[in-house]
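See structure below.
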Amino acid sequence: MELLQILSISFCFMFFSFTILFSFFSLLVFVLRLKPCCQCDVCKSYLTSSWLKDFSNLCDWYTHLLGKSPTGTIHLHVLGNTITANPENVEYILKTRFDNYPKGKPFSVILGDLLGRGIFNVDGDSWKFQRKMASFELGSVSVRMYAFELVKTEIRRRLIPLLSSVAGKEKVLDLQDVLRRFSFDNICKFSFGLDPGCLESNLPVSKIAAAFDLASKLSAERALAPSPIIWKIKRLLNLGSEKKLKEAIKLVNELAETMIKKRREMGFSNQKDLLSRFMTSINDEKYLRDIIVSFLLAGRDTVAAALTSFFWLLSQNPQVESSIRDELNKIMGSNQELDSFDALSNMHYLNAAIHESMRLFPPVQFDSKFAQEDDILPDGTFISKGTRVTYHPYGMGRMERIWGPDCTEFKPERWLKNGRFVPESPFKYPVFQGGLRVCLGKEMALVEMKCVAIAVIRKFNIRVADPNEAPRFAPGLTATVRGGLPVMVQEIN
Ligand code: HEM
C-alpha cells in the first residue's frame, strides 16, 4: 500500500514538474517566435489592437492596408502571413502553382480536432478521393433538382410560416439566426437524408448546431494567436477555451456518430444523400464523421452568411429590391411559388444582385495556404518556404483597382451586359475560391439563395431594426454578424 502511495506521489510530482518545464519552454519559444524585434507599424498595430480605433472589423483594416499597397500585397510579420488582393497572385496560388500552395500542416493542425481528415482539411490523395466522390454527387443536374425540391419544401413548410407569424407585429426577429437554422436543416437533409428540424416554429435549441457553432468559433480563434504554442499548452492542460473546444467537439462527434448509425439503420444503398454515397465505399466510422462535419461547415454557415448580408444590403438599397421585384413579376406573373428550376436561369438581375452582395460581403472573408518551397509571386513578392499566404476576397471586393471608383457601392448592374448576367474571373472574384479546389457547392448554394430571395421578396418587406449600424463581424471561419441581424417583417398584400 505504502509503496503504491509513494509511486503515485512520485508520478504526480514528475507529471507536474514536466508540465511546468514544458510550459516554461513553450513560453520561451513563443516569445522568440513573436519576433518582438518587428517594430513595423502594421505589426505593432496588430499586437496592440490599435487598429480598432479606426476600424470596427479586422477585414476592414486589412482592406485599407491592401488598398494602400502598390502591389496589393501586405505582410503581417508577427503572424508570418503574406496577404494579397492581387488577382494575378491569386491565380498563381490557386491554379498555376497549385502544388506549391497546399492547405499545409499549420492549417490542418489548427482545424484538425474539429475537421479531422474531412475534405477541407486535407491535401494529396485523401483530398482527391473526397473531391472526386463529392463532385460526382454535387455536379449532376438531378442532384441540383433534388436540392431545389428540398429547399422549396423547407421554405414552404417552415420559413414562410415563421416569417408570417411575426409579420406586422412590431416583433424583432434575428434574421441571421433564422437563416442559419434554415441552411442547417437543408444541408443536413441534402447531405445525410436526415431532418434536424431547427426551423420548426418554436425555434428549438439544437444541440448539434450549438456545439458546432462553438467548435468552429473556438477553432478559428486559434488562428488569430500570434503563436500556436499558447493554444497547444492550453489544450495539453485542458484549460479555458481549449477545454470548451474539447467538450463541443465531443458533442459534435457523438451526434455525428448517431447520424451514421441512423443512416445505417434506415439503409443507405438506394439513397440520394452524400453520406449514403460515401458509406457504400467507406467503412471507417471516424472518416465518415470527418466527412459529415466538413459538409456541415461547407454548406451551412456560408449560405446563411451570404443571405444575411444580402438582406442587409437590400434594406439599405430599396431600389435594388424593387428591381428584383419587377424581374420576378415579369417572369413569374402572379404565381407565388417558383414551379420550375429552369426559370431561375432567366433571372439575370437577381443573379447579379446575389453576386454583387457577396462581392462586398463574401461568406469566406479570407483563405490561407502554406508555401511548400521558396517562390516569387507575379507581383514580385518573395515567399519563403513555410510562409502562410492568404488571399482576401473581402479586401478584393473593395479594391478600386479591380472594381473601379464605385467599388464600395452595391450595384448589381455592374454584372449585366445587355440585361444578361456575365460572370467574372474567379481570380478577381474568389468568393467560391477558384482553380483546382474551387467550391463544389457553388451552384447548389446559388440555387438555395435564389429560392429564399424569391420567396421572401415576393411576400415580405424585411426592414433592419437599426439601419445605420453596419455589420460587425465576430472572428470565425465564415462571416458571422455579431449580435445577429434584428429585423422587422411586414407582409405585402
Ligand atoms: C454561398 C455559399 C458558399 C460559399 C461562398 C462557398 C465558398 C467556398 C470556398 C471559399 C471554398 C474554399 C475553401 C478552402 O479551400 O479553404 C469552398 C470549398 C468547398 N465548398 Fe463551398 N461555399 C459555399 C457553399 C457550399 C455548399 C452549399 C456546399 C455543399 C453542399 C459547399 C461545398 C464545398 C466543398 C466540398 C468545398 C471543398 C472543395 C475542395 O477542397 O476541393 N460549399 N467553398
Side-chain angles (χ1 to χ4, degrees), residues 90 93-94 98 101-104 107-108 110-111 115 117-139 143-144 146-148 150-151 179-180 182-192 220 223 273-275 277-278 290-310 351 354-355 357-370 388-394 396-397 426-427 429-453 477-479:
V90 177
I93 296 161
L94 298 179
F98 173 77
Y101 296 95
K103 298 244 164 174
F107 179 87
S108 63
I110 284 174
L111 292 181
L115 296 181
R117 288 176 289 154
I119 185 164
F120 276 108
N121 213 30
V122 287
D123 295 301
D125 288 344
S126 181
W127 164 68
K128 275 190 196 141
F129 167 73
Q130 291 181 56
R131 178 144 186 122
K132 202 168 153 200
M133 280 228 135
S135 53
F136 182 76
E137 181 72 6
L138 293 168
V143 164
R144 271 185 231 161
Y146 171 59
F148 177 66
L150 287 180
V151 168
L179 294 167
R180 286 165 76 87
F182 172 84
S183 51
F184 195 67
D185 282 355
N186 275 320
I187 194 69
C188 287
K189 285 196 246 174
F190 176 76
S191 304
F192 322 120
D273 61 275
L274 269 186
L275 179 59
R277 269 195 66 80
F278 278 106
D290 294 346
I291 293 171
I292 289 185
V293 173
S294 277
F295 274 89
L296 285 184
L297 184 76
R300 186 259 187 135
D301 292 355
T302 47
V303 173
L307 282 168
T308 302
S309 41
F310 177 70
N351 201 10
I354 285 175
H355 279 79
S357 152
M358 287 190 287
R359 176 179 73 83
L360 290 169
F361 293 108
V364 180
Q365 297 178 330
F366 63 89
D367 194 38
S368 299
K369 314 289 171 192
F370 286 85
R388 175 175 168 191
V389 183
T390 301
Y391 69 92
H392 206 280
Y394 185 95
M396 292 180 81
F427 306 111
Y429 179 82
V431 165
F432 292 98
Q433 194 158 255
L436 280 78
R437 282 189 93 144
V438 65
C439 170
L440 281 172
K442 178 181 168 189
E443 296 307 325
M444 212 190 98
L446 288 170
V447 166
E448 191 172 340
M449 289 178 68
K450 286 177 199 172
C451 289
V452 172
L477 300 173
T478 39

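For ligands, and for the atoms within them, numbers begin at 1 and follow the listed sequence. In what follows, residues are counted from 1 in the order of the sequence shown.
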Using a strict 4.0 Å cut-off to heavy atoms of Trp127, name the atoms of ligand 1 that fall inside it. 39 (C), 40 (O), 41 (O)
I'd like to check Phe190 versus Val143 (side-chain heavy atoms, cut-off strictly below 4.5 Å). Are they in contact? yes
When you compare ligand 1 with Lys103, is there at least one nitrogen or oxygen pair between them that comes in under 3.5 angstrom? yes
Protein contact of atom 13 (C) of ligand 1 - nearest heavy atom, named by residue and atom, plus distance: Phe120 CE2, 3.8 Å
The answer for which part of Pro363 has a heavy atom under 4.0 Å from ligand 1 is side chain
Numbered in order shown, the ligand 1 atoms found under 4.0 Å of a heavy atom of Gly299 are 26 (C), 27 (C)
Quick check against the 3.5 Å criterion: does Tyr429 have a side-chain atom that pairs as donor or acceptor with the backbone of His355? yes
Looking at ligand 1, does any of its N/O atoms fall within less than 3.5 Å of an N/O of Tyr391? no
So Phe295 and Leu274, do their side chains get closer than 4.5 Å, heavy atoms only? yes
Hey, mind stepping through Ile187 and Phe192 against side chain to side chain contact (heavy atoms under 4.5 Å, CB included) and telling me if it holds? CA-CA 8 Å; Ile187 194 69; Phe192 322 120; 5.7 Å; no
Show the atoms of ligand 1 that are less than 4.0 angstrom away from any heavy atom in Ile187. 30 (C)
among protein heavy atoms, the one nearest atom 20 (N) of ligand 1 is Cys439 SG, 3.2 Å
Test of understanding: given a 4.0 Å heavy-atom threshold, classify the contact between Leu446 and ligand 1 as side chain, backbone, both, or neither. neither
Per atom 10 (C) of ligand 1, closest listed option by heavy atom (Leu440, Val431, Asp367): Val431
If we number the atoms of ligand 1 from 1 as shown, the ones under 4.0 Å from a heavy atom of Phe295 are 35 (C)
Short N or O distance, Arg131 and ligand 1, threshold 3.5 Å exclusive: yes
Can you name the atoms of ligand 1, numbered from 1 with element, that are less than 4.0 Å from a heavy atom of Lys369? 15 (O)
Heavy atoms, side chains only, cut-off 4.5 Å: are Glu448 and Ser183 in contact? yes
Residue selection (non-hydrogen contact nearest atom 25 (C) of ligand 1) among Ala298, Pro426, Gly118: Ala298
Considering non-hydrogen atoms only, spot the tightest contact between Pro430 and Pro393 and give its length. O-CG, 3.8 Å
